[in-house]
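Comments concern the structure below.
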There are 6 protein chains.
Amino acid sequence: MRPSKRNPDEKRQVSLERNVSKHAEGSCIIKCGDTHVLCTASLEERIPPWLRGQGRGWVTAEYGMLPRATGDRMRREAQAGKQSGRTQEIQRLIGRSLRAVVDLEALGERQITVDCDVIQADGGTRTASITGAWIALRDCIEWMRARGMIAADAVVLKDQLAAISCGIYQGTPVLDLDYLEDSDAETDANFVMTGKGGIVEVQGTAEGEPFSHDELMQMLELAKKGIGELVELQEANKD
Amino acid sequence: MRPSKRNPDEKRQVSLERNVSKHAEGSCIIKCGDTHVLCTASLEERIPPWLRGQGRGWVTAEYGMLPRATGDRMRREAQAGKQSGRTQEIQRLIGRSLRAVVDLEALGERQITVDCDVIQADGGTRTASITGAWIALRDCIEWMRARGMIAADAVVLKDQLAAISCGIYQGTPVLDLDYLEDSDAETDANFVMTGKGGIVEVQGTAEGEPFSHDELMQMLELAKKGIGELVELQEANKD
Amino acid sequence: MRPSKRNPDEKRQVSLERNVSKHAEGSCIIKCGDTHVLCTASLEERIPPWLRGQGRGWVTAEYGMLPRATGDRMRREAQAGKQSGRTQEIQRLIGRSLRAVVDLEALGERQITVDCDVIQADGGTRTASITGAWIALRDCIEWMRARGMIAADAVVLKDQLAAISCGIYQGTPVLDLDYLEDSDAETDANFVMTGKGGIVEVQGTAEGEPFSHDELMQMLELAKKGIGELVELQEANKD
Amino acid sequence: MRPSKRNPDEKRQVSLERNVSKHAEGSCIIKCGDTHVLCTASLEERIPPWLRGQGRGWVTAEYGMLPRATGDRMRREAQAGKQSGRTQEIQRLIGRSLRAVVDLEALGERQITVDCDVIQADGGTRTASITGAWIALRDCIEWMRARGMIAADAVVLKDQLAAISCGIYQGTPVLDLDYLEDSDAETDANFVMTGKGGIVEVQGTAEGEPFSHDELMQMLELAKKGIGELVELQEANKD
Amino acid sequence: MRPSKRNPDEKRQVSLERNVSKHAEGSCIIKCGDTHVLCTASLEERIPPWLRGQGRGWVTAEYGMLPRATGDRMRREAQAGKQSGRTQEIQRLIGRSLRAVVDLEALGERQITVDCDVIQADGGTRTASITGAWIALRDCIEWMRARGMIAADAVVLKDQLAAISCGIYQGTPVLDLDYLEDSDAETDANFVMTGKGGIVEVQGTAEGEPFSHDELMQMLELAKKGIGELVELQEANKD
Amino acid sequence: MRPSKRNPDEKRQVSLERNVSKHAEGSCIIKCGDTHVLCTASLEERIPPWLRGQGRGWVTAEYGMLPRATGDRMRREAQAGKQSGRTQEIQRLIGRSLRAVVDLEALGERQITVDCDVIQADGGTRTASITGAWIALRDCIEWMRARGMIAADAVVLKDQLAAISCGIYQGTPVLDLDYLEDSDAETDANFVMTGKGGIVEVQGTAEGEPFSHDELMQMLELAKKGIGELVELQEANKD
């Protein structure tokens with residue numbers, strides 16, 4: 001029995017609210033249960049120096065948590081003077097995952113930065129960030145298309161992208177761990193997949209006992225189901 | 001005529017939403033027009049080393065802006081590796097102002113940190129932060145009182161506290177500048193006052209021409225009116 | 001009765017020694033009682049990147065204290081690896097105040113950096129810095145004029161600039177607090193004004209009880225008197 | 001056909017040289033083809049503050065590359081003033097993986113830090129580091145046992161641990177990518193497993209096209225084979 | 001012929017002004033020609049953690065240059081966020097040299113920090129700093145003795161200490177290089193010696209051609225002469 | 001009697017292994033007893049900004065120690081966030097010494113960076129680094145010559161360069177201190193000389209009692225002998 005009373009293959013309630021920022025070219029708040037992430041996509045007409053003159057653009061991501069997004073207040077990274085290893089790992093993951101579904105040449109020599117800021121945390125912030133970041137990115141690209149910066153028929157986004165976590169909780173593979181479940185799970189695995197079901201990233205970590213081939217497969221099946229539902233939600237939330 | 005069409009003594013629409021955080025002991029979102037600030041108060045049972053053993057507590061504040069709170073995306077301070085001079089100046093102001101209305105001995109040997117994070121910016125973020133921070137702080141103190149950490153009749157908060165900006169716009173003193181007005185104003189002044197009308201902080205800066213004694217007085221009068229309205233709103237938002 | 005035995009409207013003895021640096025284009029040591037600040041103006045034929053090509057120059061300031069300028073030795077900021085919030089706040093104030101009296105277009109595409117380094121501190125270092133910085137800046141501009149970098153009749157400096165602090169000490173508004181008085185004052189206010197009496201900056205902070213409209217006015221009157229005397233001293237110290 | 005001419009399931013030549021450091025309690029140089037990593041285990045009689053008084057020890061890892069370990073010289077991280085996100089990600093992975101096979105209570109209140117320094121790089125530095133780090137850690141624990149710091153029959157290391165990478169190269173799953181192959185592979189996956197075949201960590205990333213469930217399974221099979229060989233080599237290299 | 005017109009064995013005019021700081025326990029300004037250094041000694045009743053409980057004290061030094069001490073303005077180290085390699089090298093040299101003449105046990109468990117801040121630079125700032133630092137240190141120790149912190153007859157300072165530079169200028173060994181001479185010299189050597197003539201530190205560097213055994217000897221003889229004169233000046237400047 | 005049982009004028013066994021790096025243009029491992037340093041020379045077709053357009057190249061050096069190169073593990077500088085003063089002092093010494101024997105104009109507008117990384121330390125790491133760095137630099141220059149980047153007869157390296165330490169151990173001048181001897185020596189001196197016997201750098205420090213003119217001379221004689229032997233070894237190790 002999960003602390004959340006959810007069935008093993010039942011994810012949390014997820015909602016998407018779009019256009020939440022007056023300034024950003026694309027934005028949303030994604031709520032996965034009590035995990036709330038604000039995602040904004042910012043378009044800039046400049047690219048990193050190492051990309052110049054190649055006719056391609058860039059998509060990158062940054063991640064942050066507000067100090068009291070968590071149960072205990074965490075030190076503000078701006079004050080600590082650096083981003084933690086965990087923060088860097090997560091923002092590298094988000095950026096890499098987004099780039100897997102973007103045609104950087106179709107984007108042109110521009111950069112889109114997607115900021116994922118966790119307003120409230122209850123487990124699964126990196127996967128919620130990815131699912132929401134894709135919405136912000138898509139809306140940014142449509143914003144560009146509406147202004148003629150991208151041709152009407154150009155396929156900049158090759159596919160949808162969403163992510164979810166799985167875990168082994170008291171011996172049972174379960175979908176979408178919240179904080180309490182995550183603290184107790186033997187294994188924690190994050191999956192990033194495309195709308196067509198291709199795997200973009202899989203990261204599984206044994207927190208306690210090593211896990212088996214079979215358990216990895218079962219978690220992968222749960223993830224497919226959960227990501228399928230997220231992809232439908234994304235599809236339902238467009239103009 | 002102000003770009004915002006408001007009368008010289010008319011402040012923006014202000015709303016307060018309380019208890020917006022699952023984790024924080026006190027919290028609110030304050031919206032002053034398009035300036036939105038999330039304020040959370042975090043209680044910790046420890047105080048700065050230099051205060052230990054004196055029987056007094058501490059109240060401090062931190063301030064941040066999400067990278068795309070502004071029209072152009074700003075660099076994330078956690079990535080830059082330090083807080084800007086502006087950020088430090090603002091958070092020092094917020095903390096100092098809050099302490100002016102707190103009886104630190106009545107608080108006991110504890111620290112309350114109020115985080116003010118600007119979700120969206122349109123001018124006046126520091127004054128909105130102060131007005132909202134006071135709400136989060138008050139709710140945190142009531143949370144403590146409800147748990148017997150503070151005596152039922154202890155006066156920890158000596159008074160209310162709110163803040164607003166004024167400016168000289170095209171020769172006319174006006175109340176509560178938004179971003180567009182602020183960019184064009186000759187003078188920008190921030191006032192922090194108590195519920196009883198005492199001045200806690202005044203900061204006036206000539207952006208263009210120096211201002212006169214009379215202009216300072218006129219801005220002070222406008223500020224009194226605006227802060228009076230904010231104090232009423234605070235009073236209307238309590239349990 | 002003030003610890004310094006001075007009358008409420010009596011400022012400390014102030015002296016200005018000019019041309020104290022072999023290298024700087026303008027320099028002085030200002031002594032306000034036991035507060036001694038070395039001010040040097042450095043001319044550079046380059047401007048910040050964001051100003052290039054606009055036909056305007058820039059004036060900026062930096063502030064520092066020698067580690068043993070104070071009663072207890074303070075940690076050297078170069079070793080701490082960053083400037084404190086207080087330091088940044090002060091140098092931003094000095095730079096902003098100086099720019100209020102400079103015609104940046106008349107300066108041409110050049111930058112003048114005024115360094116204010118506190119050799120010995122006894123309260124009022126920021127206001128002494130501003131009064132001395134103006135002297136260093138003026139002498140730098142005259143140095144440029146003598147070399148034909150600025151036309152003989154060009155008005156680069158629009159006015160004089162000086163600053164002084166006031167406070168409420170045991171209920172009485174007093175002028176020019178020294179360290180001992182400042183530690184005990186209920187309110188501390190800094191005023192920056194021009195030679196013609198325009199207000200460039202006012203910063204008043206209640207350290208204890210909030211202050212009233214009337215008290216602010218009384219401090220402003222004291223400041224006018226003190227700054228008037230400083231402006232005369234500046235005028236008396238020129239070639 | 002792989003650039004390295006190896007069969008898809010053929011890993012590079014691997015050698016282990018132990019006791020290469022005069023000072024460290026355990027050490028080895030692991031060579032996987034042209035990737036050479038020096039691993040040293042350092043025992044310290046102190047543990048991180050947050051672990052004190054719990055009767056448990058800690059195992060952690062740090063990772064670095066010499067500036068010219070790579071084809072082009074990279075900037076020295078000590079000079080850049082921080083470890084890159086990649087470095088932090090790798091050292092977190094190594095430490096987490098090692099802890100999965102250590103009984104921290106059996107270790108006692110001590111910390112072992114395993115440093116993995118890449119002397120020469122040709123792909124697969126993180127997996128080589130893990131395989132070598134386990135040797136250094138084992139030898140450190142035997143060093144402690146020989147000195148009576150650990151009981152003769154205490155099982156501190158619960159299992160062996162080794163790691164290897166796989167990839168999809170031109171559509172074919174292959175084992176143990178070198179740098180050239182890695183630059184061209186569509187997918188890169190790292191596997192960390194125990195001697196008994198349990199999975200401790202799996203990290204798969206689509207560099208180009210997303211990969212499928214089947215491809216993940218095929219890579220997992222290759223990894224099992226490769227790690228089995230590494231575990232045998234570890235077993236053959238002991239006192 | 002030297003640019004300074006001085007004879008090869010002629011040092012610059014040197015003056016010492018003591019008790020220049022209201023706060024420091026010992027202080028002086030040393031002027032060697034146009035090189036002016038403010039030296040302050042600060043006593044603290046605490047020692048570095050690694051020295052605690054050993055019944056010994058510590059003497060250390062810090063060095064800094066005001067930004068416009070030099071011909072071109074240099075970046076403020078506090079703003080750069082770190083001390084340069086040169087600064088660290090110099091302050092390590094000053095501290096090490098001072099400790100060579102201090103009986104740390106006689107000092108008791110206290111730390112004296114000598115700050116050497118270059119107000120104006122014209123070559124030889126590190127050697128002037130050492131000569132002046134010894135004066136500040138001696139006066140600090142006498143301040144302690146006058147307050148009974150050190151026994152009336154305790155020998156805390158074992159000897160005097162002074163320093164001077166030499167160089168090979170156009171083939172001729174010369175004493176006490178100023179900035180112009182230093183820029184052109186083939187070799188630059190700094191000598192630190194005690195009052196009795198013992199060598200505490202010698203640092204010779206070939207800027208152009210390597211130098212010979214004989215040249216080193218000749219520079220050593222010049223240094224002895226110069227340091228002898230400095231030691232006499234120190235002796236003449238005491239209470 | 002020295003702890004190492006060596007005669008006063010007997011240096012440690014020294015070996016040079018060249019071409020140890022697959023990537024670097026020149027490389028060696030130098031072993032002086034138990035002190036082992038990896039030296040790599042990296043050629044880059046770019047020079048520091050302040051050198052551009054002058055037709056000259058640059059040679060610089062960086063120094064590092066692996067964390068467990070020493071008896072107790074030292075904190076990794078990349079993690080500490082900065083290079084220690086000692087590290088900076090050493091790498092400045094190595095670079096300066098190398099440049100003393102390089103004709104920077106003959107090198108052309110290119111930079112060679114020599115990295116000296118201490119794999120294992122037992123005293124004398126800076127002098128071993130210099131002796132090894134010269135080998136890596138020479139081999140890099142021959143690599144360039146073989147590729148026609150330097151004319152067949154161009155003299156880029158004007159002379160050989162090697163370094164060794166001396167000390168006063170229990171009153172006796174001795175050559176080439178190891179760590180144990182160094183910890184106990186009264187004086188520690190490092191000498192850098194050319195193949196022809198010119199002095200490039202001498203750094204002598206009294207750790208205990210000051211040393212005399214005679215002792216400096218005796219150490220210089222020992223250094224000449226030791227460096228002569230190192231220069232022969234370098235000569236014996238070439239293609």
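Among residues two or more places apart in sequence or in another chain, the side-chain hydrogen bond (donor to acceptor under 3.5 Å, both in side chains) test is passed with E/Glu229 by E/Lys11, E/Lys225. Partners of F/Arg56 under the side-chain hydrogen bond (donor to acceptor under 3.5 Å, both in side chains) rule, at least two apart in sequence or in another chain, are F/Gln54.
By a heavy-atom distance cut of under 4.5 Å, not one residue of residues 160-176 of chain E is near chain F. Residues of residues 190-200 of chain E lying within less than 4.5 angstrom of chain F, judged on heavy atoms, are E/Thr194, E/Gly198, E/Ile199, E/Val200 in numerical order.
The part of F/Ser84 that comes within reach of chain E is its backbone (N, CA, C, O), which places non-hydrogen atoms under 4.5 angstrom from that chain. Proximity to chain E is absent for every atom of F/Leu93, based on heavy atoms less than 4.5 angstrom apart. Heavy atoms of F/Glu221 lying under 4.5 Å from chain E belong exclusively to its side chain.
With respect to chain F, the highest number of heavy-atom pairs below 4.5 Å among E/Arg96, E/Arg99, E/Gln83 belongs to E/Arg96. For the set E/Gly204, E/Ala206, E/Pro210, E/Gly208, the count of heavy-atom pairs under 4.5 angstrom toward chain F peaks at E/Gly204. Counting heavy-atom pairs closer than 4.5 Å to chain E, the top-ranked of the candidates F/Lys158, F/Lys82, F/Met217 is F/Met217.
Counted within 6.0 Å of CG on E/Asn7, heavy atoms from surrounding residues, nucleotides or ligands total more than 12; the atom is thus considered enclosed.
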Would you check, one step at a time, whether the test side chain to side chain contact (heavy atoms under 4.5 Å, CB included) holds for F/Lys224 with E/His213? CA-CA 10 Å; F/Lys224 271 186 198 169; E/His213 187 124; 3.1 Å; yes

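Rounding to the nearest 0.5 angstrom, the gap separating the CD atom in E/Glu89 from the CZ atom in F/Arg86 is 13.0 Å. Atom CD of F/Gln88 sits about 4.5 Å away from atom CD of E/Gln88, to the nearest 0.5 Å.
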